[in-house]
Amino acid sequence: MKKILLVGVIAALLAGCVSEEQRLAQCEAKGVSRDACYIADQNRQATINAAAEKQALENAHEAVQHGQAAPVADPLREASFSANGIKASINNGFTQATINGKKAVVKRSNANFYEVKGAGYVLSISLDANGVTDASWNKTHGRDHGILNVVQK
């Protein structure tokens with residue numbers, strides 16, 4: 001039963017489809033030259049394409065306007081970290097950092113995770129929409145590790 005219904009729906013949809021040759025033949029049957037029918041058909045197609053393009057641009061513009069209206073939290077605020085013998089800071093935007101007063105390298109793994117390496121330490125920083133959620137440290141040599149206290153500015 002479902003197959004018969006599906007075939008019927010497809011046949012109904014395809015019944016409205018007419019090829020370019022069929023449109024030209026119908027136009028010629030009305031006594032219009034083939035060249036004039038061809039130009040009219042090309043203009044019809046160009047009008048359809050222009051309307052579709054215009055609608056797509058309007059949809060894109062509306063999506064951009066809607067996206068700008070929604071407030072987006074900036075999780076990349078300046079932060080400082082501390083633990084036993086470690087004082088680190090990272091700038092707004094997470095592009096520059098220091099560990100114990102020495103310049104460190106910032107590596108972005110993805111939008112929610114950064115690593116800061118320098119002065120013999122590796123800091124792991126996790127983010128969400130509200131800012132830093134977790135921060136921990138490891139020594140580059142040895143097994144020392146721990147949790148960092150975070151202060152966001």
Side-chain angles (χ1 to χ4, degrees), residues 1-24 38-153:
M1 183 66 179
K2 290 182 182 180
K3 290 181 183 179
I4 295 171
L5 182 61
L6 181 62
V7 169
V9 169
I10 291 173
L13 289 173
L14 292 177
C17 295
V18 178
S19 71
E20 181 181 8
E21 283 301 317
Q22 290 172 328
R23 286 191 303 272
L24 292 176
Y38 179 78
I39 291 171
D41 192 59
Q42 292 299 310
N43 288 340
R44 177 184 158 279
Q45 286 295 332
T47 302
I48 291 170
N49 290 341
E53 183 179 354
K54 180 181 180 236
Q55 186 63 48
L57 289 172
E58 287 175 3
N59 291 347
H61 181 71
E62 185 177 320
V64 167
Q65 292 297 328
H66 179 69
Q68 289 174 349
V72 177
D74 180 12
L76 303 178
R77 296 188 298 262
E78 184 176 351
S80 57
F81 308 92
S82 61
N84 301 338
I86 301 173
K87 288 190 184 235
S89 65
I90 194 160
N91 73 334
N92 190 21
F94 283 37
T95 56
Q96 298 176 356
T98 60
I99 299 176
N100 290 339
K102 297 179 183 175
K103 188 173 181 178
V105 176
V106 179
K107 177 184 174 190
R108 178 179 188 237
S109 298
N110 60 45
N112 298 322
F113 188 79
Y114 287 79
E115 280 189 354
V116 180
K117 293 181 182 181
Y121 294 96
V122 177
L123 310 183
S124 301
I125 303 168
S126 298
L127 305 169
D128 67 6
N130 298 319
V132 177
T133 57
D134 296 306
S136 63
W137 63 272
N138 292 311
K139 281 267 208 179
T140 53
H141 300 291
R143 295 185 177 185
D144 295 342
H145 63 280
I147 303 295
L148 291 166
N149 298 320
V150 181
V151 177
Q152 294 188 82
K153 300 175 182 170

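What you see is a predicted model, and the numbers here were worked out from it, not measured in a lab. Any value given below was found using the heavy atoms of this structure, including those in side chains, with hydrogens, waters and symmetry copies removed.
Interatomic distance, N138 CG to K117 NZ, rounded to the nearest 0.5 Å: 10.5 Å. Note that OG of S80 is 12.5 Å distant from CG of N91, once rounded to the nearest 0.5 Å. Taking CG from N149 and CG from N84, the interatomic distance works out to 9.0 Å, rounded to the nearest 0.5 Å.
For D134 (side chain) and S126 (main-chain N/O), no donor-acceptor pair under 3.5 Å exists by modelled atom type. Within the 3.5 Å criterion, the main-chain N or O of V132 finds a donor-acceptor partner in the side chain of Q152. At distances below 3.5 Å, not a single donor-acceptor pair connects side-chain atoms of H141 with backbone N or O atoms of K139.
The two residues Y121 and G85 come nearest to each other via the heavy atoms OH-O, 4.3 Å. When all heavy atoms are compared, the tightest approach of V106 to A97 is CG2-CB, 3.7 Å. S136 and L148 make their closest contact through O-CD1, 3.7 Å (heavy atoms, listed as atom of the first residue, atom of the second, distance). In plain terms, the two heavy atoms of A83 and W137 that are nearest each other are CB-NE1, 3.8 Å.
Within the 4.5 Å cutoff, the side chain of I90 has no heavy atoms near those of the Y114 side chain. With a 4.5 Å cut-off on side-chain heavy atoms, F81 and V116 do not count as touching.
No more than 12 heavy atoms of other residues, nucleotides or ligands lie within 6.0 Å of CD in E53, so this atom counts as exposed by the packing criterion. The neighbour count for N59 CG, taken as heavy atoms of other residues, nucleotides or ligands under 6.0 Å away, is above 12.
For the residue pair T98/S89, the side-chain donor-acceptor check at 3.5 Å is satisfied. Side-chain polar atoms of Q45 and N49 form no donor-acceptor pair below 3.5 angstrom.
For D41, the salt bridge (charged side-chain N to carboxylate O under 4.0 Å, His left out) partners two or more places apart in sequence, or in a different chain, are R23, R44.
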